[in-house]
Amino acid sequence: MAKFDLNDDGVVVVIGSGAGGGTLANELCQKGIRVVLLEAGKRQSIETFVNDEWESFFQLAWLDKRTTSGSWRVARDFPNLPAWICKTVGGTTTHWAGASLRFQEHEFRTATVYGEVPGANLLDWPLTLEELEPYYAKAEDKMGVTRTHDIPGLPGNNNFKVFYNGAIRAGYRGCHTGRMAINSRPRDGRTSCQQIGFCFQGCKVGAKWSTLYTEIPAAEATGRLDLRTEAFALQIQHDDSGKVTGVLYADGEGNQHFQRARIVCVACNAIESPRLLLNSASAKFPDGLANSSGQVGRNYMRHTTGSVYAVFPEPVHMYRGTTMAGIITDESGHDPTRGFVGGYELETLSLGLPFMAAFLDPGAWGRAFTRKLDLYPYMAGMWIVGEDMPQESNAVTLHPSEKDRFGLPIPNVHFDDHPNDIAMREHAYRAGRKVYEAAGAIEVWEVPPYPSTHNLGTNRMSANPRDGVVDKWGRTHDIANLFVSDGSQFTTGAAENPTLTIVALAIRQADYIADRMAKGEI
Amino acid sequence: MPKYVLDRRRFLRRSGQAVLAVSAAGRVMFFDPDRSWAITLEVFDERIARTLLAMTRTLYPHPSLGDEYYAVVVEALDAEAKKDGATATLLAEGVAKLDQALAVPFTELSEGTRTEVLESMEGDPFFQKVRGAVVFHFYNNKLVWRHFGYEGSSFEYGGYIRRGFQDLGWLPDPPPEVSPPPYLG
Ligand SMILES: Cc1cc2nc3c(=O)[nH]c(=O)nc-3n(C[C@H](O)[C@H](O)[C@H](O)COP(=O)(O)OP(=O)(O)OC[C@H]3O[C@@H](n4cnc5c(N)ncnc54)[C@H](O)[C@@H]3O)c2cc1C
Ligand code: SF4
């Protein structure tokens with residue numbers, strides 16, 4: 001592994017090693033560019049991952065204090081845990097389930113297609129599906145997404161059998177085991193899925209794509225990656241001309257260093273990325289870096305989610321095998337006759353007993369609740385993921401008084417459901433119930449959203465610098481050598497799980513950066 | 001041990017309540033009168049331990065699971081109280097409140113009445129502390145997983161690829177286009 005000097009101002013500094021940052025760093029290294037990758041977390045491996053929900057959570061999750069506000073139920077159930085994301089090398093790709101879907105054509109043009117939606121800050125992406133398609137194809141190949149590139153689908157588990165039979169009987173047609181970044185056959189030096197059932201806890205055989213054991217080792221092999229773990233970025237600094245000069249960060253011992261840079265790319269996930277830009281405010285940029293639009297931290301999206309669990313007369317053992325290999329796509333289109341704009345996917349989901357106790361009905365207790373848990377082996381489960389409306393008031397902001405251990409304001413995450421979000425969630429709950437009742441459920445339970453696993457939109461892309469933070473390449477409108485490289489770039493959220501799009505954008509951004517560097521334009 | 005302790009223990013055995021005693025090694029033990037289980041306590045007295053045990057059971061009743069599984073929660077709370085004085089006070093005061101709710105100590109109330117007392121305290125930080133501790137410590141105990149039919153870690157057994165991940169027999173198998181056969185190497 002390379003080691004670059006703190007004063008080396010020829011390097012690209014990427015902050016965050018997850019889906020966006022890990023991919024970008026590797027792509028740049030492959031093109032001969034030297035990269036310093038700053039990652040706040042430690043490095044785990046498939047050997048150190050554990051098949052234990054809470055133990056794994058404490059090993060991988062981002063636990064630094066955050067606060068919440070707004071009318072979303074997460075603020076009540078998990079006031080200091082708005083989001084379920086990771087602080088570890090590989091970021092949330094250690095935790096993620098692997099569902100990898102392309103956005104639909106119209107989802108890049110929602111302002112145009114959905115029209116005026118009161119209260120929603122809809123905007124068309126400055127990018128089309130057609131432009132992104134080649135990068136989607138590259139991302140799918142890189143990640144080994146099933147049902148693309150002639151890769152067969154995964155075998156359905158028990159949870160899928162229930163889901164599928166219910167779906168067909170309920171009249172749905174688009175049901176299969178999903179497009180998953182999980183090897184259904186050995187591929188790319190990694191083995192195939194062993195149906196371990198702990199996808200959220202870090203795949204212990206490496207069948208599931210994670211930057212931890214794909215992109216990052218590949219980048220290291222080039223000799224051009226300097227990965228610094230437990231390196232917490234505190235502030236991005238700039239010179240008088242307004243160009244960024246490097247990143248101030250704290251190492252594991254709390255010592256601070258300044259790494260100079262030719263280019264800085266922020267990929268800290270959609271809560272920490274805007275927080276870092278806001279915390280980098282200076283005399284020249286009093287509202288934070290790249291914030292002339294005032295949109296940094298705004299338009300926070302988390303997908304309209306919820307789960308449906310059901311109990312059957314015979315055992316299911318839903319936790320055996322892949323956590324999310326099952327999808328119904330029939331509701332994902334835009335059909336305003338349903339009473340809302342945009343669409344949603346239904347995907348199989350299972351939680352182990354410890355998480356089920358915490359998430360099935362947060363705060364509930366007594367016999368009615370314990371009776372439900374006693375039925376655990378008879379349960380099947382699905383997750384709703386749908387497009388939520390960007391709203392300017394849904395925002396990541398700096399806490400007015402609370403500071404972290406470095407003395408920096410902690411983030412507050414404010415979220416109110418938009419009426420469209422509520423209408424969609426209710427529709428989806430009804431759809432989930434219909435599926436499970438068709439499969440013979442005795443009881444169906446509607447489960448409220450978990451802390452956000454998809455965090456998007458807080459540095460959104462826009463054609464006009466007035467409307468957003470970055471351009472179609474993820475370059476900030478205000479600062480030519482400052483980029484955003486994660487899900488915070490999303491202009492709107494679409495109905496699909498976001499990671500494939502984050503990876504496709506990162507590959508595309510790497511091409512752009514390399515091209516501009518070669519031309520001497522950055 | 002003084003005689004009255006033994007007498008009291010005999011009494012308690014009849015009442016079925018757990019008791020506190022100092023072990024030969026000088027540790028404070030809280031145990032079932034039949035000695036089928038025991039935990040070590042460092043902060044709680046008998047009343048606190050017993051009341052919290054009753055509270056955990058009332059919050060998340062699983063009649064077929066013995067007190068030993070709930071005692072794990074009491075032990076964890078005691079360990080937390082040892083580390084943090086504020087938690088110790090919160091728990092001690094909460095227990096006092098439970099006992100003061102009616103003329104009879106909480107442990108001697110029926111399950112229905114205990115539930116009513118707890119309902120009246122739902123907003124209390126003490127209530128939330130204990131409730132959260134049960135959710136975390138009780139359901140995270142590998143020994144209770146068996147009761148729930150949850151099999152836990154599967155990596156060491158090679159996952160479920162040959163151990164029933166698609167053994168559900170009461171519904172038709174999905175066709176191979178939507179669910180291809182597993183790759184077995
Ligand atoms: C349980 C779960 C299941 C999921 N399943 C799916 C799925 O099936 N499909 C899908 O598409 N998506 C899924 N997701 C979401 C997916 O994981 C995220 O969309 C994706 O990882 C986001 O990529 P990112 O690059 O934006 O951020 P991350 O992958 O979260 O990476 C951000 C990195 O930045 C680091 N960082 C943050 N701040 C700093 C700082 N100041 N200094 C240094 N480093 C910093 C963090 O430690 C982290 O490693 C799931 C998420 C969870 C939690
Ligand atoms: S089910 Fe498959 S992808 Fe998930 S953890 Fe197991 S082997 Fe990995």
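Quick note on labels: first sequence line is chain A, next is B, and so on, each numbered from 1. Reckoned from all heavy atoms, side chains included, excluding hydrogens, waters and symmetry mates.
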**Student:** If you count heavy atoms of other groups shown closer than 6.0 angstrom to OH of B:Y157, is the number above 12?
**Tutor:**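 No, not enclosed.
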**Student:** Please report the shortest heavy-atom distance between B:T115 and A:W365, naming the atom on each side.
**Tutor:**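 Answer, listing the atom of B:T115 first, then A:W365: O-CH2, 3.8 Å.
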**Student:** At a 4.5 Å cut-off on heavy atoms, which part of B:E119 comes close to chain A: side chain, backbone, both, or neither?
**Tutor:**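 Both the backbone and the side chain of B:E119 come within 4.5 Å of chain A.
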**Student:** Is the ring pair B:Y150/A:Y319 parallel, tilted or perpendicular, if the boundaries are 30 and 60 degrees?
**Tutor:**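 Ring orientation of B:Y150 relative to A:Y319: perpendicular.
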**Student:** If you look at every heavy atom in A:G366 and B:P61, which pair is closest and at what distance?
**Tutor:**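 Nearest pair, atom of A:G366 first, then B:P61: C-CD, 4.0 Å.
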**Student:** Is any side-chain heavy atom of A:N183 less than 4.5 Å from a side-chain heavy atom of B:Y183?
**Tutor:**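 A:N183 does not reach B:Y183 side chain to side chain.
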**Student:** Rounded to the nearest 0.5 Å, what separates atom OG in B:S179 from atom OH in A:Y164?
**Tutor:**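 Rounded to the nearest 0.5 Å, the OG-OH separation comes out at 9.5 Å.
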**Student:** What part of A:A325 gets closer than 4.5 Å to chain B, counting heavy atoms only: side chain, backbone, both or neither?
**Tutor:**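 No part of it gets close to chain B.
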**Student:** Please tell me whether A:Y376 and B:F148 form a close aromatic pair, meaning their ring centres lie under 6.0 Å apart.
**Tutor:**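 No, they do not, as the ring centres are separated by 6.0 Å or more.
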**Student:** Can you list the residues of residues 72-89 of chain B that sit under 4.5 Å from chain A, counting heavy atoms only?
**Tutor:**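 The stretch does not come within 4.5 Å of chain A.
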**Student:** Determine whether A:P377 and B:E151 make a side-chain contact, defined as any pair of heavy atoms from C-beta on separated by less than 4.5 Å.
**Tutor:**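 When only atoms from C-beta onward are counted, B:E151 and A:P377 do not touch, as no gap falls below 4.5 Å.
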**Student:** So which of A:S192, A:C193, A:P186, A:G326 has the largest heavy-atom pair count under 4.5 angstrom toward chain B?
**Tutor:**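 Answer, by heavy-atom pair count under 4.5 Å with chain B: A:P186.
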**Student:** Can you find a pair of side-chain heavy atoms, one from A:R147 and one from B:P180, that are under 4.5 Å apart?
**Tutor:**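 A side-chain contact exists here, since the closest heavy-atom pair is under 4.5 Å.
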**Student:** Distance check, rounded to the nearest 0.5 Å: B:Y60 atom OH versus A:T370 atom OG1?
**Tutor:**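 One finds 9.5 Å between OH of B:Y60 and OG1 of A:T370.
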**Student:** For each of A:E55, A:E53, A:Q201, A:Q194, tally heavy-atom pairs with chain B at distances under 4.5 Å, and name the one with the top tally.
**Tutor:**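 Of the candidates given, the most pairs with chain B belong to A:Q194.
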**Student:** Nearest 0.5 Å please: distance from the CZ atom of A:R320 over to the OH atom of B:Y160.
**Tutor:**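 The distance works out to 6.0 Å.
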**Student:** With no hydrogens and no angle check, is any side-chain donor or acceptor of A:N51 less than 3.5 Å from a backbone partner on B:F155?
**Tutor:**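 Looks like yes, one N/O pair under 3.5 Å.
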**Student:** For each of B:P181, B:G185, B:P175, B:P176, tally heavy-atom pairs with chain A at distances under 4.5 Å, and name the one with the top tally.
**Tutor:**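 Between B:P181, B:G185, B:P175, B:P176, the count favours B:P175.
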**Student:** Backbone N or O of B:S153 within a donor-acceptor pair of the A:D52 side chain at under 3.5 Å?
**Tutor:**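 Not confirmed, A:D52 side chain does not pair with B:S153 backbone.
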**Student:** From A:I196 CD1 over to B:R163 CZ, what is the distance, rounded to the nearest 0.5 angstrom?
**Tutor:**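 Reported to 0.5 Å precision, the distance equals 10.0 Å.
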**Student:** Tell me which of these, A:H176, A:E314, A:H317, has more heavy-atom pairs under 4.5 Å with chain B than the rest.
**Tutor:**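 Top count of heavy-atom pairs under 4.5 Å with chain B: A:E314.
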**Student:** Is the number of heavy atoms from other residues, nucleotides or ligands within 6.0 Å of CZ (B:R162) greater than 12?
**Tutor:**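 No.
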**Student:** Hey, which of B:D173, B:D167, B:V135 has the most heavy atom pairs under 4.5 Å with chain A?
**Tutor:**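 Among the listed options, the one with the most contacts to chain A is B:D167.
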**Student:** Looking only at heavy atoms, what is the nearest atom pair of A:Q195 and B:I161, with distance?
**Tutor:**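 For A:Q195 and B:I161, the tightest heavy-atom pair comes out as CB-N, 3.7 Å.
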**Student:** Using non-hydrogen atoms only, which part of A:V50 is less than 4.5 Å away from chain B: side chain, backbone, both, or neither?
**Tutor:**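 Contact with chain B: none, neither part.
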**Student:** Relative to chain A, which segment of B:L118 carries a heavy atom at a distance below 4.5 Å: side chain, backbone, both, or neither?
**Tutor:**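 The answer is both parts of B:L118.
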**Student:** Could you check which of A:S184, A:G440, A:G363 has the highest count of heavy-atom pairs closer than 4.5 Å to chain B?
**Tutor:**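 Looking at each option in turn, the highest pair count goes to A:G363.
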**Student:** Looking only at heavy atoms and a cut-off of under 4.5 Å, which of B:G149, B:G152, B:S154, B:S64 has the most pairs with chain A?
**Tutor:**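 Among B:G149, B:G152, B:S154, B:S64, the one with the most close pairs to chain A is B:S154.
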**Student:** Atom OG1 in B:T58, atom CZ in A:R367: separation rounded to 0.5 Å?
**Tutor:**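 That separation rounds to 9.0 Å.
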**Student:** Looking at every non-hydrogen atom in both residues, tell me the closest pair between A:N165 and B:L171 and how far apart they are.
**Tutor:**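 Reported closest heavy-atom pair: ND2-CB, 3.6 Å.
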**Student:** How far apart are the closest heavy atoms of A:A439 and B:W170, and which atoms are they?
**Tutor:**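 Closest approach of A:A439 to B:W170: O-CZ3, 3.9 Å.
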**Student:** Hey, which of A:V316, A:L373, A:T322 has the most heavy atom pairs under 4.5 Å with chain B?
**Tutor:**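 Looking at each option in turn, the highest pair count goes to A:L373.
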**Student:** Is it the case that the side chain of A:K161 and the backbone of B:Q166 share a donor-acceptor pair, with hydrogens and angles ignored and the cut-off at 3.5 Å?
**Tutor:**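 Yes, A:K161 side chain to B:Q166 backbone: donor-acceptor pair under 3.5 Å.
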